[in-house]
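This one's a predicted model, so the numbers in the text were calculated from it and none came from an experiment. Just so you know, these numbers use all the heavy atoms, side chains as well, and skip hydrogens, waters and symmetry mates.
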Amino acid sequence: MDLNGITSVVDTPSRALQAAWQPGDAWLGGGTWLFSEPQPQLNRLIDLKGFGWESLRVEADGLEIGATCTFAELSGAGMPAAWTARPLIDQCRQALLGSFKVWNEATVGGNLCMSLPAGPMISLTAALDASCTVWTADGGERVRPGDRRGRGSRSTVRSSPLSLVLGSACAPC
């Protein structure tokens, strides 16, 4: 879907940009939903990849997933074989019945933030008792349980209309 109303793309965003949010702005992660239907109200995209977040960080006590981590990157996480949650992570990733094109663009953060019924990352974060770090418009951040973000299709728990998922940490089960 062409977004004909877009007049600018911010590819090096900053935390201060959240406070300068304007009507017509939209966050761009992978864009699989954003580009799936007309968005005539939008005129500026803010590319989350410009924050340079690490996609995955595997540590002994868990996994940290960046909001811009794609489904394809999640499958190659290189998690320790001893983690009993390892098969669940890939099963949830595969539950989004998309093509390789979708898996290479769709992001974990987008799947959580959109809170769509086809949201396997919501199920994953709930099952693993994960938490999500959310950046707020005032420059702060808060941590929310992964199972308490969604309120319905395209509706999440927010402190303001400018909140953004930064990442989630999943403890190895």
Side-chain angles (χ1 to χ4, degrees), residues 1-53 55-56 65-76 89-127 130 132-137 141-142 144-168:
M1 176 69 53
D2 289 334
L3 301 182
N4 297 327
I6 300 299
T7 58
S8 66
V9 177
V10 177
D11 56 7
T12 54
S14 67
R15 290 290 299 266
L17 188 60
Q18 285 181 279
W21 189 265
Q22 305 166 16
D25 285 354
W27 296 113
L28 170 62
T32 54
W33 177 84
L34 189 66
F35 291 102
S36 72
E37 59 185 51
Q39 307 287 341
Q41 76 283 8
L42 299 181
N43 56 38
R44 181 171 75 159
L45 298 178
I46 302 165
D47 192 348
L48 296 174
K49 292 178 183 172
F51 281 111
W53 295 319
S55 291
L56 296 162
I65 305 171
T68 54
C69 176
T70 66
F71 278 48
E73 290 172 317
L74 189 58
S75 72
I89 292 168
D90 203 47
Q91 289 166 355
C92 285
R93 180 193 65 84
Q94 291 180 30
L96 182 67
L97 297 176
S99 70
F100 72 93
K101 295 177 198 176
V102 171
W103 283 353
N104 281 293
E105 291 298 324
T107 63
V108 173
N111 197 258
L112 288 169
C113 287
M114 289 302 296
S115 194
L116 296 171
M121 295 301 114
I122 298 167
S123 300
L124 177 66
T125 56
C132 297
T133 301
V134 180
W135 283 2
T136 59
E141 60 181 52
R142 63 187 178 2
R144 304 283 306 179
D147 64 344
R148 299 222 175 97
R149 283 210 39 83
R151 298 173 57 190
S153 184
R154 293 173 41 191
S155 176
T156 59
V157 176
R158 302 173 187 221
S159 62
S160 75
L162 306 175
S163 62
L164 158 70
V165 170
L166 170 60
S168 58

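- Residues forming a side chain to side chain contact (heavy atoms under 4.5 Å, CB included) with S123 (at least two apart in sequence, or on another chain): none.
- Between N43 and S8, every side-chain heavy-atom pair lies at or beyond the 4.5 Å cut-off.
- Shown here for T68 and K49, the closest heavy-atom pair between the two residues is CG2-N, 4.0 Å.
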Task: Test side-chain contact (heavy atoms from CB on, under 4.5 Å) applied to M121 and T107, step by step - done: CA-CA 9 Å; M121 295 301 114; T107 63; over 6 Å; no
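- In this structure, V10 and R44 have side chains that are in contact, with non-hydrogen atoms separated by less than 4.5 Å.
- For the pair L48/L28, no side-chain contact is recorded, criterion being any heavy-atom separation below 4.5 Å from C-beta on.
- Between F71 and N111, the closest side-chain pair of non-hydrogen atoms falls below 4.5 Å.
- Put simply, the residue from L112, L74, I89 that forms a side chain to side chain contact (heavy atoms under 4.5 Å, CB included) with I65 is L74.
- At a threshold of 4.5 Å between non-hydrogen side-chain atoms, the residues D25 and I46 count as touching.
- Remark: the backbone N or O of A130 is not paired with any side-chain donor or acceptor of T125 at under 3.5 angstrom.
- Minimum heavy-atom separation, G66 to V108: O-CB, 4.4 Å.
- Using a 4.5 Å heavy-atom threshold, the side chains of L3 and L34 count as touching.
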- [ ] Check the pair S55, E73 against side-chain hydrogen bond (donor to acceptor under 3.5 Å, both in side chains), reporting the backbone distance first and the verdict last.
- [x] CA-CA 7 Å; S55 291; E73 290 172 317; 3.0 Å; yes
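- R93 places a side-chain heavy atom less than 4.5 Å from the side chain of W103.
- Under a 3.5 Å cut-off, the side chain of D2 and the backbone N or O of N4 do not form any donor-acceptor pair.
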